[in-house]
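Structure first, then comments.
Everything quoted here is computed from the prediction, not taken from an experiment. To find a chain, count down the sequence lines: A is the first, B the second, and so on, and within it residues start at 1.
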2 protein chains.
Amino acid sequence: MLAGMRPQILVVDDEPGVRKALDRGLRAEGMDVTVAADGPTALRLARTGSFDAILLDIMLPGLSGYRVLEELRADGIATPVLLVSAKDGEVDQADGLDLGADGYVVKPFSFVVLLAQLRATLRRAATGTPRDLIRVGPLTIDREARTVRYDDADVPLSPREYTLLEVLATRAGTVRTKQELLNEVWGDEWAATRNVVEVYIGYLRRKLSAAGADGLVRTVRGHGYQLGDPL
Amino acid sequence: MLAGMRPQILVVDDEPGVRKALDRGLRAEGMDVTVAADGPTALRLARTGSFDAILLDIMLPGLSGYRVLEELRADGIATPVLLVSAKDGEVDQADGLDLGADGYVVKPFSFVVLLAQLRATLRRAATGTPRDLIRVGPLTIDREARTVRYDDADVPLSPREYTLLEVLATRAGTVRTKQELLNEVWGDEWAATRNVVEVYIGYLRRKLSAAGADGLVRTVRGHGYQLGDPL
DNA sequence: CTGCCCGCTGAGACCTCCCTCAGGTAGCGG
DNA sequence: CCGCTACCTGAGGGAGGTCTCAGCGGGCAG
């Protein structure tokens, strides 16, 4: 997409209501929209390669969004794709990100959320900036979306929990003292009890464990905490 | 800043503790740091133009951060500047954004928040992307930071309130129906009472009014709501 | 082995945010 | 001027997030 040009968006969804809403909304935002209602049509249109981004519903008649994405990537079409899934549970069939998706939106979505994701995707594609991801083993942290995945399962974290994990992850394998964590997560001029770090480490462990990640956060007695294996 | 090179950061603060913390933290993130403790020194260093970004405290001995910024811009130095202010009230002396600042951080800040802002600033500078701002008269909406300012005063909004305002602002001057607002802010498949829009319009008006902005959100009886003057 | 200290965790207070409901108010048509 | 309807708003409940505190338990030094 060149600066100043209207982005070309392909919207693929089998529900006419959703198509219409997206069509109107995106046009009002200055984008050009083409719609498709089923997988084969989407594939045919997408193969022309003339789109800046594709909004792709997963539940499609004929050919699932996953298959469409797979075929596209197999053909070498690198157009950014935002997967739209009806419910959370739908994603676990395959890892969309590994298939080459550039983002997820979960229905029912608010239009502005989708728009923000779409803008970010277009911006990244235009400037060639990669996603700002931190990987620690099977743990993936998306710094832009502030989300965490473990083995393709979402790990829902509160803002504080997320920040703590991100700080631990930025130097995975090294020991961080509680004082450091207090400074970096809770802010500098902070006089609170040090126990709050222990409490949030506990919260983090519980949620990571619920996602299948045990033993990720280690205690180094007398020193602090450490994410993942030592360097 | 070229890809792969270590960003050069100038840190200006009169408190040795803050300087040390930022120095260590930013180095650990792979950046090269130069520190300065007062305005004249900062100005001298910054004039060399060899920095990718400047973290500039406002309260400085000798020469305030505002003056440093002003002088720099007057000299044609376009290095991105992140202003660091001790308290909220400090900002109202002048409009940092109009002076050419690229962002604000309010003390006491958590390091990760500052780091995120700094990364975003470096990224924008590297790619030439401008800030994603919406202006409606004296109202400024920062889509990236999801913050709102009215006449240089922060307007603190909850996420819902912010989203509602953003949606109204994206097509300021046009009337948006409650159904549209429900769809775009609350999500598509939503069966809730329409009254929630009225309630949140009320919240918005109260907070905008507290910031000095009265009459910004108009009711168009029987049709919907409208931000700012008709087109 | 024993005692101390560090870390862990359950309970709970407090706050903000989100939404609902019911009653009040104001504009507008007749 | 009356009444209807749309809109506004105060009150309140529920949920989640943040932080404190106190008591428990386990590792480690002596």
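To the nearest 0.5 Å, atoms CH2 (B:Trp186) and CG (B:Leu164) are separated by 5.0 Å.
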Return a single string for nucleotides 21-30 of chain C, one symbol per nucleotide in 5' to 3' order, where B is base contact, S is sugar-phosphate-only contact and - is none, cutoff 4.0 angstrom on heavy atoms. BB---BBS--
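Phosphate contact (OP1/OP2 of C:dC18, side-chain N/O of B:Ser158, threshold under 4.0 Å): present. Between A:Thr219 and C:dC6 there is no side-chain N or O to OP1 or OP2 distance below 4.0 Å. Remark: A:Trp186 is not in phosphate contact with D:dT18, judged by side-chain N or O atoms under 4.0 Å from OP1 or OP2. At the phosphate of C:dC8, OP1 or OP2 sits under 4.0 Å from a side-chain N or O atom of A:Tyr225. Between A:Lys178 and C:dC6, a side-chain N or O to OP1/OP2 separation shorter than 4.0 Å is absent.
As a whole-Å value, the separation of B:Glu198 CD from D:dT9 P is 10 Å. At whole-Å resolution of the value, CZ in A:Arg194 and C1' in C:dC8 are 17 Å apart. As a whole-Å value, the separation of A:Ile201 CD1 from D:dC19 C1' is 15 Å. One can place CG of A:Leu181 at 16 Å from P of D:dT18, the figure rounded to the nearest angstrom. Spacing between atom CD of B:Glu161 and atom C1' of C:dC19 amounts to 13 Å, rounded to whole angstrom units. In this structure, B:Leu204 places its CG atom 13 Å from P of C:dC17, rounding to the nearest Å.
Residues B:Ile141 and B:Ala169 come closest through the heavy atom pair CD1-CB, 3.4 Å.
Between the side chains of B:Arg131 and B:Thr140, no donor-acceptor pair is found at a separation under 3.5 Å. With no hydrogens or angles considered, no side-chain donor-acceptor pair links A:Glu180 and A:Asn183 at under 3.5 Å.
Considering only the side chain of B:Val196, C:dT20 comes nearest among C:dT20, D:dC8, C:dG7.
Comparing A:His223 and B:Tyr200 against DNA chain C, the residue whose closest nucleotide sits nearer the 5' end is A:His223.
Applying a 4.0 Å cut-off to non-hydrogen atoms, the residues of residues 206-217 of chain A that approach DNA chain C are A:Arg206, listed by residue number.
In this structure a side-chain-to-backbone donor-acceptor pair under 3.5 Å is present from A:Gln117 to A:Tyr104.
Shown here are the side chain to side chain donor-acceptor pair (under 3.5 Å) partners of A:Thr147, two or more places apart in sequence or in another chain: there are none.
Around the CZ atom of B:Arg27, the shell of radius 6.0 Å holds more than 12 heavy atoms that belong to other residues, nucleotides or ligands. The number of heavy-atom neighbours closer than 6.0 Å to CZ of B:Arg146, taken from other residues, nucleotides and ligands shown, is above 12.
Using a 4.0 Å cut-off between a side-chain N of Lys or Arg and a carboxylate O of Asp or Glu, A:Arg123 and B:Glu144 do not qualify as a salt bridge.
For C:dC19, its base sits under 3.5 Å from the side chain of B:Tyr203 at one donor and acceptor pair at least.
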